[in-house]
Amino acid sequence: MADLPPDMSDLIDSDGFRSNVGIVLMHREQVFLGRRTGGRGWQFPQGGVRAGEAPEQALYRELDEEIGLGQSQVELIGHTGGWLRYRLPSRYIRRNQHPLCIGQKQRWFLLRLKSAEAPFDFGRTAEPEFDQWRWAPYWEPVREVIYFKRPVYARALEELSSLAFPQGPPALPPWWDKVTARGGHRVVSAPAH
């Protein structure tokens with residue numbers, strides 16, 4: 001669901017990182033990009049892991065809630081080897097919230113749509129995450145997502161590219177180095193908790 005505020009049942013570790021799943025949904029050689037409701041940017045589906053929920057369970061729950069697809073409509077290709085995390089810029093941290101959430105640690109999953117038709121439904125929740133969608137070239141989401149998520153998107157797509165393209169991934173676009181170097185936001189693997 002939405003990045004903030006976290007649901008009270010979402011897991012926030014002792015370092016302040018909210019457990020989250022990210023979903024890279026492919027159709028042929030392109031990936032799903034959703035426009036956040038109200039035109040607030042484009043991103044992959046993602047959402048918090050709830051207490052007592054395994055990341056794979058969260059994946060299928062979020063897939064249904066955010067874009068209306070069920071497990072039978074996709075093929076799970078793989079996931080990142082560990083958690084990838086990013087810090088929220090200071091202005092996005094709600095300091096009066098307990099436990100304090102300073103960022104997200106994400107397990108990214110690569111899925112392939114099984115059919116040519118995509119019966120997306122954004123109305124599964126009272127506050128839909130997306131109001132539009134499109135298929136985009138594999139690397140494009142790194143340029144489209146909000147700046148502080150770019151390094152984690154780059155890392156997830158790089159790690160998943162060999163699964164997405166067993167014969168070799170598409171060449172990195174000319175803008176890649178410039179976009180992924182902005183702001184000095186580092187992505188690091190989260191410690192195991």
| field | Smallest separation among heavy atoms of Ala58 and Val49, with atom names | value | CB-CG2, 3.9 Å

| message | Salt bridge check, Glu144 against Lys149: does any charged N sit closer than 4.0 Å to a carboxylate O? | response | no

| request: Quick one: pull up CD1 in Ile93 and CZ in Arg87 and give me the separation to the nearest 0.5 Å. | output: 7.5 Å

| message | Taking Pro128's backbone N and O only, do any of them form a donor-acceptor pair with Thr37's side chain (distance below 3.5 Å, no angle check)? | response | yes

| said: Counting C-beta onward and ignoring hydrogens, is there a side-chain heavy-atom pair between Leu157 and Val24 closer than 4.5 Å? | reply: yes

| query | Heavy-atom distance under 4.5 Å between the side chains of Arg50 and Arg61, does that happen here? | reply | yes

| remark: Those residues at least two apart in sequence (or on a different chain) that pass ring pair (Phe, Tyr, Trp, His ring centres under 6.0 Å) with Tyr60 are none

| query | Would you say Glu29 has more than 12 foreign heavy atoms packed within less than 6.0 Å of its CD? | reply | no

| request: Report yes if some heavy atom in the side chain of Val31 is under 4.5 Å from a heavy atom in the side chain of Leu25; otherwise report no. | output: no

| Hey, does Asp131 have a side-chain heavy atom less than 4.5 Å from the side chain of Phe122? | no

| said: Can you tell me how far apart CD (Gln43) and CD1 (Ile23) are? Round to the nearest 0.5 Å. | reply: 10.5 Å

| field | Non-hydrogen side-chain atoms of Leu69 and Leu113 separated by less than 4.5 Å | value | yes

| message | Testing the basics here: between Ser161 and Pro169, what is the closest heavy-atom pair and its distance to 0.1 Å? | response | CB-CB, 3.8 Å

| salt bridge (Lys or Arg N to Asp or Glu O under 4.0 Å) between Arg143 and Glu140, intermediate numbers included | CA-CA 6 Å; Arg143 185 165 64 171; Glu140 186 68 22; 3.2 Å; yes

| note | Between the CZ atom in Arg95 and the CD atom in Gln97, the distance rounded to the nearest 0.5 Å is 11.0 Å

| Hey, are the side chains of Val21 and Gln46 touching, using non-hydrogen atoms and a 4.5 Å cut-off? | no

| Residues Arg36, Glu66: salt bridge by 4.0 Å N-O rule | no

| Just how far is it from atom NZ of Lys105 to atom CG of Asp15, taken to the nearest 0.5 Å? | 8.0 Å

| query | What are the two closest non-hydrogen atoms of Arg94 and Leu100, and how far apart are they? | reply | O-CD1, 3.4 Å

| query | Who passes side-chain hydrogen bond (donor to acceptor under 3.5 Å, both in side chains) against Glu159, sequence neighbours left out? | reply | none

| note | Tested for ring-ring contact (aromatic ring centres under 6.0 Å, His included) against Tyr153, the lone hit among Trp42, Tyr147, Phe44, Tyr86 is Phe44

| Among all residues two or more places apart in sequence or in another chain, which pass the side-chain hydrogen bond (donor to acceptor under 3.5 Å, both in side chains) test with Arg28? | none

| note | So the side chain to side chain donor-acceptor pair (under 3.5 Å) pairs with at least one residue in residues 108-123 (sequence neighbours excluded) are Gln106-Trp108, Asp121-Arg124

| request: Any chance you could measure Phe120, atom CZ, to Phe130, atom CZ, to the nearest 0.5 Å? | output: 10.0 Å

| request: For Leu163, check side chain to side chain contact (heavy atoms under 4.5 Å, CB included) against everything at least two apart and list the hits. | output: Ile77, Leu110, Leu160

| task | Report the relative orientation of the aromatic rings in Tyr138 and Phe165; use parallel for angles under 30°, tilted for 30 to 60°, perpendicular for over 60°. | result | perpendicular

| So which heavy atom on Leu33 is nearest to which on Ala136, and how close? | CD1-CB, 3.8 Å

| Under the side chain to side chain contact (heavy atoms under 4.5 Å, CB included) criterion, do Trp83 and Ser19 qualify, and how do the steps go? | CA-CA 9 Å; Trp83 296 94; Ser19 297; 4.2 Å; yes

| task | Would you kindly check if the NZ (Lys) or CZ (Arg) of Arg85 is within the cone defined by 45 degrees around the ring axis of Phe17 and under 6.0 Å from the six-membered ring centre? | result | yes

| field | By ring pair (Phe, Tyr, Trp, His ring centres under 6.0 Å) - contacts of Trp139 (at least two apart) | value | Trp176

| remark: Residues Arg107 and Gly82: closest non-hydrogen pair is NE-O, 3.5 Å

| field | CG-CD distance between Asn20 and Glu62, expressed to the nearest 0.5 angstrom | value | 7.5 Å

| Where is the tightest heavy-atom contact between Phe109 and His79, given as atom of each residue plus distance? | CD2-CB, 3.6 Å

| said: What I'd like to find out is whether the side chain of Leu111 reaches to under 4.5 Å of the side chain of Leu59, using heavy atoms alone. | reply: yes

